[in-house]
Participant: 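I'd like to ask you about the structure that follows.
Not measured: the values here are computed from a predicted model. Counting starts at 1 for both ligands and their atoms, following the listed order.
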Amino acid sequence: MKIFIDSANIEEIREINDLGFLAGVTTNPTLVAKEKGDFHQLVRQICDIVDGPVNAEPLGVSFNEMINEGQALANLHPNVVVKIPLCEDGLRAIRYLSQLGIKTNATLVFSANQALLAARAGASYISPFVGRLDDAGNDGLHVLAEIVNILDQYAVNTEIIAASIRHPMHVTEAAKIGAHIATIPYKVIKAMIRHPLTDLGIEKFVEDGKKLLG
Ligand code: G3P
């Protein structure tokens with residue numbers, strides 16, 4: 001499973017990218033609204049930092065807005081993937097953009113049927129929102145597993161991104177299920193790295209190393 005960061009913050013993205021495992025970035029209008037400056041400029045900056053897909057979402061939600069803004073976003077950099085919400089206009093926009101050779105990520109996916117339709121419309125990526133399903137009293141990981149299982153049975157060229165990840169166990173479970181990618185917030189990535197036994201072990205090795213040096 002590849003690791004993406006779910007963030008539009010340049011410092012967070014740069015710090016995590018430097019750790020060596022980052023394969024891509026997802027943003028959404030909520031994440032972008034937390035940052036200063038021009039949206040397109042921010043997307044360009046992220047593309048300059050990370051060598052992998054950078055997901056950016058049009059701000060309009062009508063078919064015309066999504067295809068026009070989607071093309072403008074795709075023109076910013078070859079690594080841009082256009083995020084499109086799963087609705088009727090969204091499916092049409094996914095088809096339209098994919099026929100132009102523009103990669104799309106069907107976002108706000110909450111069911112296996114939505115995922116199947118997005119894959120058939122030509123989405124390059126599909127993002128089931130695991131945490132938000134849990135919040136609504138559903139089992140987000142179960143829906144993720146259904147989607148992986150269904151799409152695995154057909155020659156669909158679509159990668160599944162476990163999104164709306166809230167804690168490290170979501171990541172472990174998404175990897176066990178076979179999601180192609182997990183897009184993970186900065187704080188959760190930091191929590192994945194640390195373990196108290198690793199910290200204690202490092203402390204002890206440093207202490208004993210000092211004894212060796214005299
Ligand atoms: O990028 C989309 C998704 O990961 C949002 O997560 O935490 O707002 O449900 P969250």
Side-chain angles (χ1 to χ4, degrees), residues 1-13 16-17 21-35 39-40 42-43 45-47 49-50 52-61 66 69-70 73-74 76 79-87 90 93-94 97 103-112 114-115 118-119 123-145 147-148 158-175 177 179-192:
M1 186 175 74
K2 286 173 273 188
I3 307 295
F4 284 14
I5 186 167
D6 195 25
S7 173
N9 181 276
I10 293 296
E11 285 73 36
E12 289 182 0
I13 293 168
I16 299 302
N17 188 58
F21 53 76
L22 197 66
V25 180
T26 54
T27 69
N28 61 39
T30 307
L31 293 170
V32 171
K34 291 181 189 163
E35 307 304 321
F39 173 35
H40 284 197
L42 183 64
V43 174
Q45 260 184 291
I46 298 172
C47 290
I49 298 168
V50 180
V54 172
N55 288 253
E57 194 163 333
L59 306 179
V61 288
M66 287 190 278
E69 286 184 57
L73 287 167
L76 295 174
N79 284 351
V80 169
V81 174
V82 181
K83 278 179 94 174
I84 302 285
L86 199 294
C87 56
I94 286 168
L97 293 169
K103 288 194 169 170
T104 57
N105 173 359
T107 188
L108 291 167
V109 168
F110 293 97
S111 76
Q114 287 181 321
S124 317
Y125 302 90
I126 293 175
S127 295
F129 275 33
V130 174
R132 290 195 198 181
L133 275 161
D134 289 354
D135 294 345
N138 300 117
D139 184 344
L141 290 168
H142 176 76
V143 173
L144 176 68
I147 294 170
V148 170
T158 304
E159 290 191 82
I160 300 162
I161 305 179
S164 186
I165 293 288
R166 297 286 163 74
H167 49 75
M169 280 312 292
H170 269 158
V171 181
T172 308
E173 292 303 320
I177 285 165
H180 302 99
I181 298 158
T183 188
I184 314 172
Y186 174 82
K187 273 189 185 164
V188 178
I189 294 178
K190 296 288 270 190
M192 288 165 66

Participant: Which N or O atoms of ligand 1 sit under 3.5 Å from a protein N or O, and how far apart is each pair?
Facilitator:
residue  : atom  : partner : partner atom : Å
ligand 1 : 1 (O) : D6      : OD1          : 2.8
ligand 1 : 1 (O) : D6      : OD2          : 3.2
ligand 1 : 1 (O) : N28     : ND2          : 3.2
ligand 1 : 1 (O) : K83     : NZ           : 3.3
ligand 1 : 4 (O) : D6      : OD2          : 2.6
ligand 1 : 4 (O) : S164    : N            : 2.9
ligand 1 : 7 (O) : R166    : NE           : 3.3
ligand 1 : 7 (O) : R166    : NH2          : 3.4
ligand 1 : 8 (O) : R132    : NH2          : 2.8
ligand 1 : 9 (O) : R132    : NE           : 2.6
ligand 1 : 9 (O) : S164    : OG           : 2.7
ligand 1 : 9 (O) : R166    : NH2          : 2.7

Participant: Given F129, which partner from the list V109, V143, T107 fulfils the side-chain contact (heavy atoms from CB on, under 4.5 Å) test?
Facilitator: T107

Participant: For T104 and I94, indicate whether the former's side chain and the latter's backbone hold a donor-acceptor pair under 3.5 Å.
Facilitator: no

Participant: Please round to the nearest 0.5 Å and tell me the distance separating atom CD1 of I184 and atom CD1 of I3.
Facilitator: 4.0 Å

Participant: Kindly say whether G140 contributes a backbone atom to a donor-acceptor pair with the side chain of N138 at under 3.5 angstrom?
Facilitator: no

Participant: Are any of the side-chain heavy atoms of D134 and R166 separated by less than 4.5 Å?
Facilitator: no

Participant: Hey, is the main chain of L59 close enough, under 3.5 Å, to the side chain of E69 for a donor-acceptor pair?
Facilitator: yes

